[in-house]
Asker: 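Would you mind keeping the following structure in view while I ask a few things?
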Protein chains: 2
Amino acid sequence: MDGNALPVRRRLDPEERREQILNAAVAWFAEVGFAGTTRDLARRAGVTQALLYKYFASKADLTEAVFERVYLGRLDPQWLYDIRDRGKPIQGRLTRFYRQYTGAIFTYEWMRIFMWAGLAGDALNRRYLGHVADRLLAPLAEEIGAAHGGQQPAMEDMWNLHGGIVYIGIRRFIYHLPTPDDPAAAIEAAIARFLGGLPGAA
Amino acid sequence: MDGNALPVRRRLDPEERREQILNAAVAWFAEVGFAGTTRDLARRAGVTQALLYKYFASKADLTEAVFERVYLGRLDPQWLYDIRDRGKPIQGRLTRFYRQYTGAIFTYEWMRIFMWAGLAGDALNRRYLGHVADRLLAPLAEEIGAAHGGQQPAMEDMWNLHGGIVYIGIRRFIYHLPTPDDPAAAIEAAIARFLGGLPGAA
DNA sequence: CCCTTAGGTGATCAAACGATCAACAAGCGC
DNA sequence: GCGCTTGTTGATCGTTTGATCACCTAAGGG
């Protein structure tokens, strides 16, 4: 049957093995949360439970590595430059940003690990959202204000726009409810409504 | 010091004791999730761990009781009648509904238990949100359509409105981020924007 | 081909877990 | 005040958990 299958490499490069375990940990903790057992994780990763502790000092150490993997490099600094490019209309900039943003965070692993961590009270979570507020939502509000003649939305309004869009991912990945395969149209409509409904909008 | 304190009643009415345990369980599981231990719960409730099993057959039985307590009677059937009261302007009906709805679900216990249950994949969760969609959001969309001359928002638009509002509670109770003490103003603004931004709105 | 290195495993430990049970004692009827 | 009912407890069971250890063996150099 599997006579032509590649021989199972029993001894892997440490880096490769660590990567394999870490990937399995991300998928596993995303599914069941950080209360998941190391034995089930090891089974899922295809290694023995003891081996986990050759690559990670403790379960806490492993979960920290999962956090790093999931959070690091998720936000692209380029987005801020595109947001501030006043040569383009504000609606297009908003749409472009949220297409990129949701493209980065609308994954099973990210949405769920972010929510597990939020419920657990992780500080990284708040720091991340503080970053979103200061470096993304606040500039967006500024740009909207500039485009609408000085009438700048309050941060609470920006959170409302943000939440309405992010909620698509929550419905899909947390609640497992049906959502559009491609959320682009819904996001575009939400942004158009937001801008069109601002006080003083044409 | 506590000479005038009421004597600690060591033997309670079964109903009273069950209530005491259940209340503690709701608060405890809301805080740490359903992976929380029965020992810590018992300590928090001020009873011994063994006593829990005199009132609940198992931990699963206890968590089910917590679900019932949290879900049951949360949605008021009266809301639907108010929503359909075409004698009043649509914006007022939307505002009134979301003031009542958020008044019912914006609590630490509800928001967090709902999210824990959602991540755990509980079916009650999906059933609840299905109810919200069919019995509340769909009628709201109908009423908005009637008020705007037939142009009825799609369900995805209603979810967007809903998500933007619910996200206030997520920020406050899940992520522990600062939010307005009274979300009424933000909600009112969100509804006004939603209606004002609909295609074909004045 | 052998031998050293190091990636990997099975067995096992101590602690924590859900759950059970015999025994205790608070409170009511008489 | 006495005895019975039953709410409550401390001790304990079997299992599961994170973590550790001695041991095994695949793989590359000589």
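In what follows, every chain begins at residue 1, and chains take the letters A, B, ... in the order their sequences are listed.
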Asker: Provide, to the nearest angstrom, the distance between the CG atom belonging to A/D13 and the C1' atom belonging to C/dG8.
Answerer: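 Nearest whole value for this atom pair: 14 Å.
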Asker: Who are the salt bridge (Lys or Arg N to Asp or Glu O under 4.0 Å) partners of B/R172, not counting sequence neighbours?
Answerer: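 B/R172 satisfies salt bridge (Lys or Arg N to Asp or Glu O under 4.0 Å) with no residue once adjacent residues are dropped.
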Asker: Between protein and nucleotides 9-21 of chain C, map the contacts as a letter string: B base, S sugar-phosphate only, - none, heavy atoms under 4.0 Å, written 5' to 3'.
Answerer: BB-B----BBBBB
Asker: Partners of B/R99 by side chain to side chain donor-acceptor pair (under 3.5 Å), sequence neighbours excluded?
Answerer: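 Partners of B/R99 under the side chain to side chain donor-acceptor pair (under 3.5 Å) test: none.
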Asker: For the pair made of CZ in B/R11 and P in C/dA26, what is the distance, rounded to whole Å?
Answerer: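 After rounding, the gap between these two atoms is 8 Å.
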Asker: I'd like to check the side chain to side chain donor-acceptor pair (under 3.5 Å) partners of B/Y55; sequence neighbours left out, ordered by chain and number.
Answerer: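 Testing B/Y55 for side chain to side chain donor-acceptor pair (under 3.5 Å), a comparison that skips the adjacent residues, returns none.
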Asker: Rounded off to whole Å, could you give me the CZ-to-P distance for the A/R43 and D/dG18 pair?
Answerer: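 Interatomic distance, CZ of A/R43 to P of D/dG18: 12 Å.
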Asker: Suppose we screen for salt bridge (Lys or Arg N to Asp or Glu O under 4.0 Å). Which residues come up paired with B/D122, at least two apart in sequence or across chains?
Answerer: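 Salt bridge (Lys or Arg N to Asp or Glu O under 4.0 Å) check on B/D122 returns nothing, list empty.
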Asker: Which ones in residues 63-70 of chain A lie close to DNA chain D, meaning a heavy atom under 4.0 Å from one of its atoms?
Answerer: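 Nucleic-acid contacts, sorted: none.
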Asker: Give the rounded distance in Å between these two atoms: CD1 of A/I21 and C1' of C/dG8.
Answerer: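 From A/I21 CD1 to C/dG8 C1': 11 Å.
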Asker: Quickly work out the B/L12 CG to D/dT6 P distance and round it to whole Å.
Answerer: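 Rounded to whole Å, this separation is 17 Å.
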Asker: For residues 183-194 of chain A, which residue pairs pass the salt bridge (Lys or Arg N to Asp or Glu O under 4.0 Å) check, not counting sequence neighbours?
Answerer: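 Salt bridge (Lys or Arg N to Asp or Glu O under 4.0 Å) check on residues 183-194 of chain A returns A/R193-B/D157.
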Asker: So what does B/Y55 hit on the nucleic acid, given a heavy-atom distance under 4.0 Å: a base, only sugar-phosphate, or nothing?
Answerer: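 Answer is sugar-phosphate: B/Y55 comes under 4.0 Å of backbone atoms only.
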Asker: Supply the atom-to-atom distance A/F194 CZ to A/M158 CE, rounded to the nearest 0.5 angstrom.
Answerer: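 Between A/F194 CZ and A/M158 CE, I get 5.0 Å after rounding to 0.5 Å.
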Asker: Using whole Å, report how far CH2 of A/W28 lies from P of D/dG18.
Answerer: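 Going from CH2 in A/W28 over to P in D/dG18 covers 11 Å.
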Asker: Within the distance-only criterion (no hydrogens, no angle test), does the side chain of B/R44 pair as donor or acceptor with the backbone N or O of B/A24 below 3.5 angstrom?
Answerer: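 Absent.
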Asker: Going by side chain to side chain donor-acceptor pair (under 3.5 Å), name the residues that satisfy it together with B/Y175, two or more places apart in sequence or in a different chain.
Answerer: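 So B/Y175 forms no side chain to side chain donor-acceptor pair (under 3.5 Å) with any residue.
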Asker: Please name all residues satisfying salt bridge (Lys or Arg N to Asp or Glu O under 4.0 Å) with A/D82, sequence neighbours left out, ordered by chain then number.
Answerer: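 A/D82: salt bridge (Lys or Arg N to Asp or Glu O under 4.0 Å) contacts with A/R96.
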Asker: By side chain to side chain donor-acceptor pair (under 3.5 Å), which residues pair with B/R84, not counting sequence neighbours?
Answerer: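 Once residues adjacent in sequence are excluded, B/R84 has no partner under the side chain to side chain donor-acceptor pair (under 3.5 Å) criterion.
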Asker: Strictly by salt bridge (Lys or Arg N to Asp or Glu O under 4.0 Å), give each pair with a member in residues 51-74 of chain B just once, sequence neighbours left out.
Answerer: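 Output for this query lists B/E19-B/R69.
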Asker: Polar atom pairs between nucleotides 2-4 of chain D and protein, under 3.5 Å, N or O only, would you list them?
Answerer:
none

Asker: Measure distances between side-chain N and O atoms of B/R17 and base N and O atoms of D/dT8, and say whether any donor-acceptor pair falls under 3.5 Å.
Answerer: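 No pair found.
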